[in-house]
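Letters go in sequence order (proteins before strands), and every chain restarts at 1. What you see is a predicted model; the values in this text were computed from it and never measured.
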There are 2 protein chains.
Amino acid sequence: MTLLKDFRHIILYGLTLAVLIFALKWMQWKFLIVDNAIDIYIGLVALFFTTLGIWVAKQVIKPKVETVIVEKEIVVNQSTEFILDEAALEKLKLNGREYEILQLLAKGYSNAEIATRIFLSLSTVKTHVSNLYSKMDVKSRTQAIAKAKQLRIIEL
Amino acid sequence: MTLLKDFRHIILYGLTLAVLIFALKWMQWKFLIVDNAIDIYIGLVALFFTTLGIWVAKQVIKPKVETVIVEKEIVVNQSTEFILDEAALEKLKLNGREYEILQLLAKGYSNAEIATRIFLSLSTVKTHVSNLYSKMDVKSRTQAIAKAKQLRIIEL
DNA sequence: ATTACCATCATACTTTAGTACCGAATGTCC
DNA sequence: GGACATTCGGTACTAAAGTATGATGGTAAT
């Protein structure tokens with residue numbers, strides 16, 4: 001980490017300085033010039049408080065946070081969603097079978113195909129289809145499909 | 001480069017230190033008479049070096065980069081807009097009349113109604129409808145309607 | 001138990017849709 | 001002019017859709 005590296009440099013610098021001063025003072029001591037001891041003292045104080053300052057700063061200063069905002073696009077509702085108009089469906093009062101058959105009608109199935117698909121006889125399907133027309137007030141399967149789509153009671 | 005930056009810091013620190021020592025020495029010279037000023041002097045040194053330490057630390061500490069991913073919703077095509085798939089329409093190679101009749105078919109009109117509406121005979125309409133089925137590869141009007149809507153070549 | 005409704009299936013019938021094959025008028029391109 | 005595609009129209013037939021009516025069995029409310 002760079003931060004640690006920087007500190008190492010500074011501390012190394014400080015230590016070297018201290019050692020030098022000590023060496024110097026020792027030499028001064030040796031030559032009985034002791035009255036300059038105050039300088040060493042001050043140097044030590046300076047060194048200590050510098051270190052203290054750095055340490056405190058490191059503890060206290062909140063690291064600068066650079067926030068990089070990356071926008072992530074989310075596509076919502078790409079397909080034209082089918083929304084069933086339940087109110088309209090209720091109005092018609094279709095029973096389950098009739099609505100089921102209406103949906104199959106819209107998919108293009110013939111009466112015979114519908115009969116096979118939902119296990120009914122052809123005549124039953126015809127009956128349901130006829131009742132469906134009555135309730136929807138139409139006269140053919142194509143009209144029923146067109147109206148059902150207008151009313152939004154079937155898909156597509 | 002980090003190394004150069006570090007050096008700059010260290011040199012700056014050294015210079016500041018040098019200036020300070022000069023200042024101190026100058027102060028010592030001036031206020032040599034005041035004996036107990038030594039406490040204030042050391043206090044000032046401590047304060048200064050603490051500040052210096054903090055300053056250095058502040059310079060050296062690297063900003064932390066934080067990446068925040070923000071999700072942005074993009075609404076696409078919410079309205080049930082009809083978009084004609086011209087490519088699909090081209091593929092079928094329907095002629096004008098056939099496409100016209102296809103549209104009327106989807107609206108629920110019978111062959112007879114279509115004939116009246118576009119001033120054709122019933123047999124002509126039947127012919128067109130038959131050809132339409134061949135081209136669309138279907139076998140009934142309801143299938144044609146379902147397929148046309150799937151292919152997005154008619155409205156609704 | 002009676003009434004009413006629903007779902008199922010059936011028969012008989014009419015109407016519409018769909019297929020197959022054909023003919024004819026029109027306009028365009030080579 | 002001849003070849004070709006488009007559009008229009010017809011006849012004859014089959015298949016499917018749609019209508020009308022009735023019957024059966026189940027379920028649920030009164």
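Checked by atom type and distance alone, the side chain of A:Gln150 never pairs as donor or acceptor with a backbone atom of A:Ala146 at under 3.5 Å. Although no hydrogens or angles enter the test, the distance criterion places no donor-acceptor pair under 3.5 Å between the side chain of A:Lys149 and the main chain of A:Glu155. A:Arg117 contributes no side-chain N or O that, together with a main-chain N or O of A:Tyr109, makes up a donor-acceptor pair within less than 3.5 Å. In this structure, A:Thr127 contributes its side chain and A:Ser123 its backbone to a donor-acceptor pair below 3.5 Å.
At a non-hydrogen distance threshold of 4.0 Å, B:Ser121, B:Ser123, B:Thr124, B:Thr127, B:His128 from residues 121-137 of chain B come into contact with DNA chain D. Near DNA chain C, meaning a heavy atom under 4.0 Å from it, residues 101-117 of chain A has no residue at all.
For A:Ser110, the side-chain contact (heavy atoms from CB on, under 4.5 Å) partners are A:Ala112, A:Glu113, not counting sequence neighbours.
Closest of all the heavy-atom pairs between A:Glu98 and A:Leu94 is OE1-CA, 3.5 Å.
One can place CD of A:Gln143 at 12 Å from C1' of C:dT16, the figure rounded to the nearest angstrom. One interatomic measurement links the two molecules: NZ of B:Lys139 to C1' of C:dA20, which rounds to 15 Å at whole-angstrom precision. The interatomic distance linking B:Glu100 (CD) with D:dT7 (P) rounds to 10 Å, in whole Å. Atom-to-atom, CG of B:Leu94 to C1' of D:dA5 comes out at 15 Å; the value is rounded to the nearest Å.
Contact annotation: A:Arg97 side-chain N/O to C:dC6 OP1/OP2 distance is not under 4.0 Å. Of the side-chain N and O atoms in B:Asn95, none sit less than 4.0 angstrom from OP1 or OP2 of D:dA5. At the phosphate of D:dA17, OP1 or OP2 sits under 4.0 Å from a side-chain N or O atom of A:Arg141.
Hydrophobic clustering keeps A:Ile145 apart from A:Tyr133 (ILVMFWY residues linked when any side-chain heavy atoms are closer than 4.5 Å, directly or through intermediates). The cluster map of Ile, Leu, Val, Met, Phe, Trp and Tyr, joined by side-chain heavy atoms under 4.5 Å apart, puts A:Leu102 and A:Val125 in the same cluster.
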